[in-house]
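Throughout, a chain's letter reflects where its sequence line sits, starting with A, and its residues are numbered from 1.
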Amino acid sequence: MSRGPSARQILIVEDDRDIRETLAEVLTDASYEPVAVANGREALECLSIGIVKPSVILLDLMMPVMDGREFREIQSSDVGLSSIPVILFTAQVNHEHSAQTMGNIRCLRKPVDLVELLQTIASVCDDRVGNA
Amino acid sequence: MPELTPRPISPGLRMPEEHFRLMVEAVRDYAIFMLDPDGYIVSWNIGAERLKGYQAEEIIGRHVSTFYTPEDRERDHPRDELRQALKEGRYEEEGWRVRKDGTRFWANVMITAIVDPSGRHVGFTKVTRDFTERKAAEETLRRSEERFRLLIESVRDYAIFLLDPDGRISSWNSGAEHIKGYKADEIIGKHFSVFYPPEDAAAGRPEEELRVARSEGRYEEEGWRLRKNGERFWANVVLTAIYDAGGKVRGFAKVTRDLTERRRMEKDAREVARRMEEERERAREAELAISLRDDFIAIAAHELRTPLTALHLKLQGMRLAAASSAAAPASESLAKLTERLDGTGRHVQRLNDLVERLLDVARIVKGGLQMEPAELDLAVVVAEVVEDLREHALGNGSEIRLTAERTIGNWDRSRVEQVVLNLLSNAIKYGAQKPIDVRLAGTPDAAILTVTDRGIGIPAEDLERIFGRFERVVGDRDFSGLGIGLYIARHIVDAHGGVIHVSSAPGQGSVFTVELPRRLASPERR
C-alpha cells in the first residue's frame, strides 16, 4: 500500500463553478483532499500526467468539451485508470439507468444530500481499501 | 242520280276481256270482286277466296253486307259506303270485316263505282286487303310510344322535354316541372331561353347551344339555370338533335339535371377537407410550441437545480461544520461561517437572476416590457458589465478588449445592462477561448454597440432563429443556459425603438450589433 497522501484524494469533475467549489469546500471540511476540474478532458489530462491519484472520481454527466459518459468510456478502458471507482453525480431524472449503462457505477442525484454523499464516498473508499 | 265520273279507256290499250278476267282471278293477295249496283256480288277471285274463306259459288249472288260486322250492318254502313262510292266515284276505308268462319280481320277497302261509256251506273269493284298484321304492328308501336311517353313523363329527377327547331318547348315531363317549377301548360310554346340567367340569354347562349347541337348532333354543359321563382340552380344539360327520315332537324330533346345539391356537397367536402388541414396545421404548430415549451421547462429546471444544488450542499456543509466545531475557538468558527454565508449569497443571487429571466419571458409574452428610461452614459454601463465578466471570461480563455466613448442617451439602465450582459456572456460561452472586442460609439441619434467574438459562429440557416424564444443553436449537452438571452435582448432593444442584428459564419465568430436611439421614440411615432 503505497498510496500515501493520495488515499483521501477525490477528483471532482463538474462544469458548474458554484457546485464545483462547494463540493470542494464540504469535502475539505470532511478531511478529504479534493481536486476539481471543469470537464472530462481536463480530468483525463490530470490523471494521465499523474498529478492526481484519486481514491474516487465524482463525475458530472452533462459537461461541455467532454461529458461524463465519454470520460467514463475512456477511463474504464484504460488499465491504469479503470480501477478508480466512479460516483456519478447528475441532475438527470433517469440517473440510475445512466449509471447502469456506464458500467454499473454508484450514482447520486442532484441536489444531493451531503450526509449521503459522504457516506457513499466513504463506503467506496472502504471497498477499495478492502479490495486492495 | 248523282254525278258520275266517267272513266273512258283508250281503245288502243284495251286488252282482251278474257285475259283481263284471268289476271284478276289469279291475284292472290287482294280480294278483287264486283258488285251490281245494289251491292250483290257478281264476281270472285282467288284472293277473295283466300281472304274471306268463301268459294265463288257460295258467295256470288249474296249481298256485300255479308262481310260486315253486325254493328256495321245495324247502322247500314255497307249501303252508306256504296252510296259514298257512287257519289264520289270511289270510297276507301279501313275497318273490321268478318270471314266466313266468323273471325274478324282489319281490312283496307277500296270501292270504285263503274260507269259504262254511256254514263250508266253498272256496278262497283271492290278491292280488299288484309291489314290485320300491319294494324297489330301499328298498335304495338302506338302502345310502346305511349308507354315511353308515360315513362318520360313520370321521371322526376330529370327534366326531359322537346324543343321545336326554333327552340320553343313542345313537351314537358314531371321532372321538368319539379326542377324548373313550371307546369306544362305554362311553358309549352315558350322559348327555352327563359331558363337562362339574363346575362347568358343576352349573350346568345341558348341559340349557340342549338347551333352546336344542330351541327354536332349533341351539346352538353354544366352551368347556372333559372327556376320559375328566379332561383338559380347548377345544371347538367344535354341537348340532342332529332332528325327526320330525310336528315332534317325536327327538333331537340333536352335533358337537364339539377346538380346544385351535388355541387354544394362537393363544395362542403372541399371546405371540410380544407378546415381539417388547417386544424392539423394548427395542431402541428401547437405541438411544436408545446414541445419547445417543455424543452424550455426542462432546461429551466436544470438551470435552477444547479445553484440549488450548490446552495443545498453549502448549507448542509455549514451545518456539519457547526456541529463538529463546537470545540474550536468561537472566533475562528465564526469567521469561517461568515465566509460561507457570503458564498450562499452568490448562489441565491444566481437563483434570483434565473427567476428574473423567466419572469422576463412571461412579461414579453404577456405584452411587452415596461421601460423606465433615464439619462445615462452608456459607456459607464458597458464598462461595468465588462469588469464584472472579465474574470469569468479569462477563466474561459478569452480576453475582453473594450473601446467605449462617452454616449449619453435616455435608456432603461438595468435593461440595457441586461443586453450587454447577454451578448457578452454568449461571446464568452461560444468564443472558443479567443479575444472578444466590445466597442461603443455614438452617432448624433443613436448609440452603436458591437460585440465581436472569434468563436464557433452561427450557420446561416440559424441566424434568424437565434432571436426566437427557447432557441439555442448548439445542443444543451455542450452549453448550459436558458437559451432565452437573445430573445430577451431583442425585446429590450425593440422596446427602446432600436435594432439588433448579427453577422456570422461557422468558424468565423459572430458580430452582434445593437443600435439604440438616444431618445425613446414617442408612442405616436411608433
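Using a 4.5 Å cut-off between heavy atoms, A:Leu27 makes no contact with chain B at all. Looking at A:Asp113, both its backbone and its side chain come within 4.5 Å of chain B, counting heavy atoms on both sides. Residue A:Arg17 touches chain B through its side chain alone, counting heavy-atom pairs closer than 4.5 Å. Neither the backbone nor the side chain of B:Arg319 has a heavy atom closer than 4.5 Å to any heavy atom of chain A. Contacts of A:Asp18 with chain B are made by both backbone and side-chain atoms, with heavy-atom separations under 4.5 Å.
Within the 4.5 Å cutoff, side-chain heavy atoms of A:Leu114 are placed close to those of B:Leu320. Two residues are said to be in side-chain contact when any heavy atoms from C-beta on lie closer than 4.5 Å; B:His347 and A:Thr22 meet this criterion.
Side-chain N or O atoms of B:Gln316 include one that pairs as donor or acceptor with a backbone N or O of A:Val112 at under 3.5 Å.
More than 12 non-hydrogen atoms from other residues, nucleotides or ligands lie less than 6.0 angstrom from CZ of B:Arg454. Heavy atoms of other residues, nucleotides or ligands lying less than 6.0 angstrom from CD of B:Glu461 number more than 12.
Annotation: side-chain contact (heavy atoms from CB on, under 4.5 Å) contacts of B:Val348 (sequence neighbours excluded): B:Leu311. Partners of A:Asp60 according to the salt bridge (charged side-chain N to carboxylate O under 4.0 Å, His left out) rule, which considers only residues two or more places apart in sequence or in another chain, are A:Lys110.
Ion pair A:Glu21/B:Lys314 not flagged as a salt bridge, since none of the NZ, NE, NH1 or NH2 atoms sits closer than 4.0 Å to an Asp/Glu carboxylate oxygen. Residues A:Asp16 and B:Arg305 are not paired through a salt bridge, judged by the lack of any N-O separation under 4.0 Å between the basic side chain and the carboxylate.
Atom CG of A:Leu23 is separated from atom OG1 of B:Thr309 by 9.0 Å, given to the nearest 0.5 angstrom. Separation of atoms CD1 (A:Ile19) and CG (B:Leu313) is listed at 7.5 Å; rounding is to 0.5 Å.
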